[in-house]
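The sequence lines fix the lettering, A, B, ..., with proteins before strands; numbering per chain opens at 1.
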Amino acid sequence: VIERYLAALDRALAGDAAYRVRVLGEAEDHLRSAAEREVDGGATPEEAERRAIAAFGDPGFLARSLAENTRRMSVRARTGLAAACAALTLYYLRFLVSRGEPATLLQIVLLLCAAAMLVRPPIRIEVTSWWVVGAALLLLCALVFVLGDHDAHSASDTLNRIVPAYCLIGAFAAGLVRRDRRPATD
Amino acid sequence: LSNEALKGHLDLLLLALLAPGPLHGYAVIERLRERSGGAFDLPEGTIYPALHRLEAAGLLSSGLAEVSRRRRRVYAVTAAGRAAMAARRTAWTAFSGGVEAVLGSPA
């Protein structure tokens with residue numbers, strides 16, 4: 001009975017695998033402790049598990065409550081990330097438009113941003129499709145801008161300058177593929 | 001009391017229950033039931049989103065520990081959590097005192 005409940009909760013949960021494992025572990029521990037208490041009180045094992053589950057609550061409701069936490073956190077994280085990416089892109093473009101020396105430091109920062117998007121962040125970030133599409137469009141605009149600047153730079157120079165942008169787009173694509181599951185009952 | 005009435009006060013209750021020492025989720029619910037005399041009727045799973053929210057806010061910390069021959073996630077109040085609890089307790093005392101005063105005053 002508890003296994004069926006945990007399977008239903010797993011289907012309803014949003015978030016990455018590590019977070020789902022954490023929630024499921026806590027739920028299982030709670031349910032088994034509650035069932036043991038019911039057995040001590042004289043209930044049969046099956047009845048004890050049913051009572052424990054009834055007291056624990058609906059898996060869909062629990063998943064929605066947990067997803068609200070994720071959203072609350074992700075809005076801040078998403079806004080911060082989007083602002084950082086936009087600012088960096090604009091800064092990068094400014095250097096290109098002014099035909100100055102390649103902004104090596106900015107290229108490194110952009111590459112680090114691309115790498116940071118591929119690793120698991122210390123906070124939970126729920127990357128939505130619209131955010132990914134918007135950010136990818138922004139980077140596409142930057143790419144077109146750079147590619148259209150052939151008069152000022154040689155082909156190899158331009159390629160060197162757009163490598164960080166390619167990396168960022170690649171990171172977004174990877175993020176899209178690894179995007180967190182959304183709650184089934186939302 | 002209904003789950004709706006409890007909403008908004010759950011954070012303070014959880015901080016107060018965890019203030020004496022770290023507890024795992026089931027122990028928190030047991031302690032809540034004991035100390036409230038069974039007054040709160042909420043689905044037991046409800047405390048986990050609240051615990052996670054408090055942890056994300058830095059008011060609780062959590063870690064795995066061996067409790068009763070089981071590896072369990074236990075929660076503890078942080079220094080920021082103690083400060084937040086004190087502030088919320090003051091606000092609650094003022095609020096409940098005001099309600100009491102109104103309810104107790106002659107019509």
**OP:** Work out which heavy atom in B:V77 is nearest to a heavy atom in B:A19; give both atom names and the distance.
**Re:** CG2-N, 3.7 Å

Subject >> B:M85 side, atom CE; B:L17 side, atom CG - distance, nearest 0.5 Å >> reply: 10.0 Å

Subject >> Part of residues 40-51 of chain A lying next to chain B, heavy-atom separation under 4.5 Å >> reply: none

Subject >> Pairwise side-chain contact, A:L62 with A:F56, heavy-atom cut-off 4.5 Å (strictly under) >> reply: yes

**OP:** Against chain A, label B:I29 side chain, backbone, both or neither, depending on which of its atoms sit under 4.5 Å from a heavy atom there.
**Re:** side chain

Original post:
Are B:L23 and B:I47 connected in a single hydrophobic cluster, I mean Ile/Leu/Val/Met/Phe/Trp/Tyr linked by side-chain heavy atoms less than 4.5 Å apart?
Top reply: yes

Original post:
Would you say the side chain of B:L32 lies within less than 4.5 Å of the side chain of B:L42, judging by non-hydrogen atoms?
Top reply: yes

Original post:
For chain A, which residues of residues 90-102 of chain B have at least one non-hydrogen atom nearer than 4.5 Å to it?
Top reply: none

Original post:
To the nearest 0.5 Å, how far apart are OG1 in B:T46 and CG in B:L51?
Top reply: 10.5 Å

Subject >> Identified side chain to side chain donor-acceptor pair (under 3.5 Å) counterpart of B:S62 within the set B:E55, B:H52, B:H24 >> reply: B:E55

Subject >> A:A55 portion near chain B, given a 4.5 angstrom heavy-atom threshold >> reply: both

Subject >> Selection residues 65-85 of chain B - residue pairs positive for ring pair (Phe, Tyr, Trp, His ring centres under 6.0 Å), sequence neighbours left out >> reply: none

Original post:
Are B:Y26 and A:L24 co-members of a hydrophobic cluster defined by side-chain heavy atoms under 4.5 Å apart?
Top reply: no

Original post:
Using a heavy-atom distance cut-off of less than 4.5 Å, which residues of residues 32-39 of chain A contact chain B?
Top reply: A:R32, A:S33, A:A34, A:E36, A:R37

Original post:
So do the side chains of A:V23 and A:D10 get within less than 4.5 Å of each other, counting heavy atoms only?
Top reply: no

Subject >> Gap between atom CZ of A:R11 and atom CG of A:L13 - 0.5 Å precision >> reply: 11.0 Å

Subject >> A:R22, A:E26, A:H30 screened by side chain to side chain donor-acceptor pair (under 3.5 Å) with B:Y48, the one that passes >> reply: A:H30

Original post:
Under 4.0 Å between a Lys/Arg side-chain N and an Asp/Glu carboxylate O for B:R53 and B:D11?
Top reply: yes

**OP:** Could you tell me whether B:R89 atom CZ has more than 12 heavy atoms of other residues or ligands within 6.0 Å of it?
**Re:** no

